[in-house]
Amino acid sequence: MKSRRHAKILEIIAKNNIETQEDLSDFLEREGFHVTQATISRDIRELKLTKVAGKAGRQKYVSLGESYADMREKYVRIFQDGFVSMDMAQNILVIKTASGMAMAVAAALDAMDCHEIVGSIAGDDTIMCAVRTVEDTEQLMKRLRRLMEGKPS
């Protein structure tokens, strides 16, 4: 649950100008996460979120201070936590996820720089990825299987 919430927080702050803990709490509530202020405060600390100047001088939360390796490890964990299965139809890769995890897993794929993926669309529990070629789809599936097995990709 915590890793799903953390993934959702990273997704929320990436897509929205979150200025306060209350804003973050409201977004999480809309996504089905019922959290206390203490939990949000702890999550902010654990995710190493900080505030930076946004538009019109307003502050917003961003994720800073983590090395590439730390972030890659988090994205891999999000992918592993949400992944259920995958299949291909020519150069379309369809990934099934746990309910409510498709957007977080898609964001993790984006962050992992899967150069084969041209673009993706995520619903609640399904991601459709447009991949450059059939061969790239096959290679990507092999890489993602190795990732699920805990092997370096």
Side-chain angles (χ1 to χ4, degrees), residues 1-18 23-35 39-40 42-52 54-55 60-153:
M1 183 64 165
K2 182 177 180 179
S3 63
R4 285 181 55 184
R5 187 177 65 248
H6 280 190
K8 184 55 72 177
I9 288 170
L10 291 172
E11 179 185 328
I12 289 169
I13 66 167
K15 293 181 178 181
N16 303 281
N17 289 326
I18 304 298
D23 291 343
L24 184 54
S25 177
D26 292 343
F27 272 87
L28 286 168
E29 284 288 331
R30 281 184 245 151
E31 295 291 336
F33 294 90
H34 306 290
V35 293
T39 299
I40 290 194
R42 193 169 33 256
D43 287 344
I44 287 170
R45 211 173 29 260
E46 289 175 4
L47 289 168
K48 298 179 184 163
L49 302 184
T50 190
K51 284 189 173 183
V52 297
K55 295 179 182 169
K60 70 175 193 169
Y61 281 107
V62 294
S63 178
L64 291 178
E66 293 195 51
S67 70
Y68 173 77
D70 290 340
M71 288 306 293
R72 178 164 171 31
E73 184 179 315
K74 273 190 182 173
Y75 289 124
V76 167
R77 211 170 38 247
I78 290 166
F79 180 81
Q80 291 170 332
D81 287 349
F83 180 88
V84 172
S85 67
M86 65 182 158
D87 201 357
M88 67 180 277
Q90 299 293 344
N91 67 318
I92 302 293
L93 176 62
V94 177
I95 299 173
K96 291 296 208 173
T97 71
S99 182
M101 289 289 291
M103 292 186 90
V105 171
L109 280 172
D110 286 347
M112 289 190 291
D113 269 344
C114 296
H115 68 277
E116 303 91 344
I117 299 174
V118 178
S120 58
I121 300 171
D124 182 61
D125 63 357
T126 305
I127 305 165
M128 292 187 66
C129 302
V131 183
R132 295 189 190 286
T133 66
V134 172
E135 293 79 21
D136 281 348
T137 308
E138 292 166 347
Q139 288 299 323
L140 179 60
M141 288 178 73
K142 285 179 188 173
R143 205 164 89 215
L144 295 176
R145 279 190 203 104
R146 283 194 306 270
L147 199 64
M148 289 305 298
E149 295 168 356
K151 298 175 184 170
S153 56

Enter the distance from [X]:[atom1] to [Y]:[atom2] here, rounded to the nearest 0.5 Å.
X: Asp136; Y: Arg143; atom1: CG; atom2: CZ; answer: 9.5 Å
X: Leu140; Y: Thr133; atom1: CG; atom2: OG1; answer: 10.0 Å
X: Arg4; Y: Asp81; atom1: CZ; atom2: CG; answer: 9.5 Å
X: Leu49; Y: Leu24; atom1: CG; atom2: CG; answer: 8.0 Å
X: Met128; Y: Ile95; atom1: CE; atom2: CD1; answer: 11.0 Å
X: Asp110; Y: Met103; atom1: CG; atom2: CE; answer: 10.5 Å

Heavy-atom pair with the smallest gap, counting every atom of [X] and [Y]:
X: Leu47; Y: Ser63; result: O-OG, 4.0 Å
X: Met141; Y: Asp87; result: CE-CA, 4.2 Å
X: Ile78; Y: Val105; result: O-CG2, 3.9 Å
X: Ala102; Y: Ile127; result: O-CD1, 3.4 Å
X: Ser120; Y: Ala106; result: OG-CB, 4.4 Å
X: Leu147; Y: Phe79; result: CD2-CD2, 3.8 Å

Heavy-atom distance under 4.5 Å between the side chains of [X] and [Y], does that happen here?
X: Arg132; Y: Val118; answer: yes
X: Leu109; Y: Leu144; answer: yes
X: Gln90; Y: Thr137; answer: no

Inset, instruction - Begin with the C-alpha distance, continue with both residues' side-chain angles, and end with the deciding distance and a verdict on side-chain contact (heavy atoms from CB on, under 4.5 Å) for Leu93 and Glu116. - result: CA-CA 11 Å; Leu93 176 62; Glu116 303 91 344; over 6 Å; no
Inset, instruction - May I have the step-by-step check of side-chain contact (heavy atoms from CB on, under 4.5 Å) for Asp43 and His6, ending in yes or no? - result: CA-CA 7 Å; Asp43 287 344; His6 280 190; 2.9 Å; yes
Legend entry - Flag if over 12 foreign heavy atoms under 6.0 Å of CD1, Ile121: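 Counting other residues, nucleotides and ligands, CD1 of Ile121 stays at 12 neighbours or fewer.
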Legend entry - Basic-acidic side-chain contact under 4.0 Å: Glu11, Lys8: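 So Glu11 pairs with Lys8 through a salt bridge.
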Inset, instruction - Evaluate the side-chain contact (heavy atoms from CB on, under 4.5 Å) criterion for residues Met88 and Val134: first the C-alpha distance (whole Å), next the side-chain angles of each, then the deciding distance (0.1 Å), finally the verdict. - result: CA-CA 9 Å; Met88 67 180 277; Val134 172; 3.7 Å; yes
Legend entry - Short side-chain to backbone donor-acceptor contact, Asp125 and Ala98, under 3.5 Å: no
Inset, instruction - Could you tell me whether the side chain of Asp124 and the main chain of Ser99 form a donor-acceptor pair under 3.5 Å? - result: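 Pair absent, no side-chain N/O of Asp124 close to backbone of Ser99.
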Inset, instruction - Check step by step if side-chain contact (heavy atoms from CB on, under 4.5 Å) holds for Thr126 and Lys96. - result: CA-CA 5 Å; Thr126 305; Lys96 291 296 208 173; 3.0 Å; yes
